[in-house]
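Step one of this worksheet: look at the structure below.
First listed ligand is number 1; within each ligand, the first listed atom is number 1. Side chains are part of it too, since the values below use all heavy atoms of this structure and drop only hydrogens, waters and symmetry mates.
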Amino acid sequence: MDEALLLPVIDLSSPDRLSTARLIRQACIEYGFFYLSNHGVNGDLLREVLSESRKFFSLPVGEKMKLARKEHRGYTALYDENLDPASSSKGDSKESYYIGPLEDPIAQIKLNQWPPQDILPTWRHTMESFYQELECAGKKLLSLVALSLILDEEDFFVRVGGMDKPTSFLRLLHYPGDVIASKKETYGASAHSDYGMLTLLATDGVPGLQAYFICRDKSKHPNIWEDVPHVEGAFIVNIGDMMERWTNCLFRSTLHRVMPAGQERYSVAFFLDPDQDCIVECIPSCYSESCPPRFPPIRSGDYLKERLRVTYGHDGLNSVVMKTT
Ligand SMILES: O=C(O)CCC(=O)C(=O)O
Ligand SMILES: [Fe+2]
């Protein structure tokens with residue numbers, strides 16, 4: 001592996017929105033990855049989230065399994081998931097915990113699962129606060145992404161209904177350090193692209209994340225897996241598949257994976273996904289007669305459901321969540 005690539009750093013607090021949008025456009029075309037600084041998410045809150053995450057994953061397996069993933073919320077155990085169905089790996093050597101959209105006080109359906117308060121009293125509050133702060137940063141970033149694509153329409157994703165009721169998921173991840181490498185390939189997370197619009201990722205600083213950057217000018221660099229190192233105080237942001245569809249592959253949903261670091265690792269990913277009824281359809285500025293849309297329009301909820309079915313063998317979502325209204 002060559003020395004680590006330095007991805008662009010986008011300052012979310014910059015008052016020069018147009019220049020920021022141009023930088024985002026360049027980063028998304030070239031890499032599909034960038035760092036996000038000055039994002040407004042409290043650093044102490046992130047440390048708290050990582051500490052609460054550690055407490056949860058340290059519980060006995062039996063306790064964790066009481067919260068096993070239902071409706072795509074809750075615990076997924078070690079080797080439960082294989083993000084690259086084409087690989088021969090026995091499953092990814094990670095465990096995780098999903099938290100979906102937060103319930104509003106009058107909602108009848110409560111889908112998120114929470115560890116018992118007598119075991120982890122401040123857990124739910126910490127995760128809900130973090131979810132809200134990430135959603136706020138994600139929405140700000142999304143309006144800059146819209147600006148980077150359409151220039152005069154910062155609320156594009158709001159106008160197409162993507163932000164009516166976003167279906168974002170927060171995912172806590174734990175990669176144990178003592179995984180015994182079998183003869184089969186073992187990955188912390190096997191090669192995959194994310195399904196949604198944008199992913200904001202925070203790590204505890206332990207290395208492992210790699211991305212497969214495809215160089216448009218193949219004479220310059222071969223395609224290669226590159227380390228994506230942790231940058232203190234910044235989120236790693238990557239483009240997801242729905243954004244790739246929206247932009248007709250102008251913005252890249254780059255393959256990435258997590259290699260076992262021989263050391264325990266914690267990370268938190270926030271998948272900013274559109275309202276399930278939003279139709280993901282090529283943005284007019286991203287196609288022309290010579291470059292027609294590559295994908296047919298698709299309902300976001302249907303797309304997500306299919307991707308989860310491939311990853312887990314079933315989507316884990318019932319008709320209540322995914323029904324078309
Ligand atoms: O843990 C990481 O660094 C990456 C996790 C990831 O790519 C994912 O959960 O989609
Ligand atoms: Fe990912």
Side-chain angles (χ1 to χ4, degrees), residues 4-5 7 28 31-36 46 49-50 53-54 56-57 69 72-87 89 91-100 127 130-131 134 138 167-177 179 186-213 225-232 234-244 251-273 303-304 307-308 310-312 316:
L5 176 86
L7 290 167
C28 294
Y31 304 108
F33 264 82
F34 56 86
Y35 293 105
L36 189 70
L46 171 61
V49 164
L50 290 170
S53 173
R54 184 182 294 270
F56 174 78
F57 289 118
R69 176 178 166 270
H72 197 46
R73 288 137 171 101
Y75 176 67
T76 67
L78 212 57
Y79 305 117
D80 245 19
E81 197 183 82
N82 186 355
L83 284 172
D84 178 6
S87 96
S89 128
D92 294 343
S93 60
K94 65 168 183 303
E95 48 183 351
S96 77
Y97 197 95
Y98 284 102
I99 296 160
M127 298 308 163
F130 193 59
Y131 186 109
L134 277 166
T167 48
S168 304
F169 282 84
L170 182 67
R171 185 187 203 191
L172 310 173
L173 292 137
H174 173 224
Y175 304 87
V179 170
T186 310
Y187 295 103
S190 44
H192 69 282
S193 53
D194 294 347
Y195 314 148
M197 295 197 280
L198 297 170
T199 304
L200 281 72
L201 176 83
T203 82
D204 63 357
V206 174
L209 179 64
Q210 296 184 336
Y212 193 72
F213 295 116
W225 284 102
E226 302 244 21
D227 289 327
V228 181
H230 168 86
V231 167
E232 197 54 39
F235 286 121
I236 297 165
V237 175
N238 63 283
I239 292 292
D241 296 336
M242 286 198 227
M243 187 62 81
E244 188 174 79
F251 286 7
R252 300 185 166 181
S253 177
T254 300
L255 277 180
H256 52 284
R257 68 185 183 187
V258 178
M259 301 304 283
Q263 187 182 352
E264 192 170 45
R265 179 175 187 270
Y266 289 86
S267 64
V268 197
F270 184 73
F271 303 104
L272 185 70
D273 292 350
Y303 182 76
L304 188 64
R307 294 299 299 271
L308 292 175
V310 172
T311 302
Y312 291 99

Ligand 1 versus I236: contacting region, heavy-atom distance under 4.0 Å: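 It is neither; nothing of I236 touches ligand 1.
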
T199 and ligand 1 - part of the residue with a heavy-atom distance under 4.0 Å: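 Within the 4.0 Å criterion, T199 makes no contact with ligand 1.
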
Show which atoms of ligand 1 fall inside a sub-4.0 Å distance from at least one heavy-atom site of [X].
X    : result
H256 : 7 (O)
F271 : 8 (C), 9 (O), 10 (O)
L173 : 1 (O), 5 (C), 9 (O)
S267 : 1 (O), 2 (C)
V258 : 1 (O), 2 (C), 3 (O), 4 (C)

Starting from [atom], which protein heavy atom do you reach first, and at what distance in Å?
atom                   : result
atom 5 (C) of ligand 1 : Y175 OH, 3.5 Å
atom 8 (C) of ligand 1 : H192 NE2, 3.6 Å
atom 9 (O) of ligand 1 : R171 NH1, 3.2 Å

In terms of side-chain heavy atoms, does [X] have a donor or acceptor partner in [Y] at a distance below 3.5 Å?
X    : Y    : answer
S190 : D92  : yes
R69  : T76  : no
D194 : H256 : yes

H192 atom (N/O/S) at minimal separation from the Fe ion (ligand 2):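 So the atom name we want here is NE2.
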
Considering only N, O or S atoms of D194, the one closest to the Fe ion (ligand 2):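 Looking at D194, the N, O or S atom with the least distance to the Fe ion (ligand 2) is OD1.
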
4.0 Å heavy-atom contact, K94 with ligand 1: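 No heavy atom of K94 comes that close to ligand 1.
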
Proximity flag R265 to ligand 1, non-hydrogen atoms under 4.0 Å: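 Yes, R265 has heavy atoms under 4.0 Å from ligand 1.
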
Return the orientation label for the [X] and [Y] ring planes: parallel under 30°, perpendicular over 60°, tilted otherwise.
X    : Y    : answer
F213 : F33  : perpendicular
F56  : Y75  : perpendicular
Y266 : H174 : parallel

Check: F271 ring centre within less than 6.0 Å of F169 ring centre: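 Not under 6.0 Å, so no.
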
Does the side chain of [Y] come within less than 4.5 Å of [X]'s, by heavy atoms?
X    : Y    : value
F34  : C28  : yes
R265 : V258 : yes
N238 : T254 : no

N or O pair under 3.5 Å between T203 and ligand 1: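 No, T203 has no N/O under 3.5 Å of an N/O on ligand 1.
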
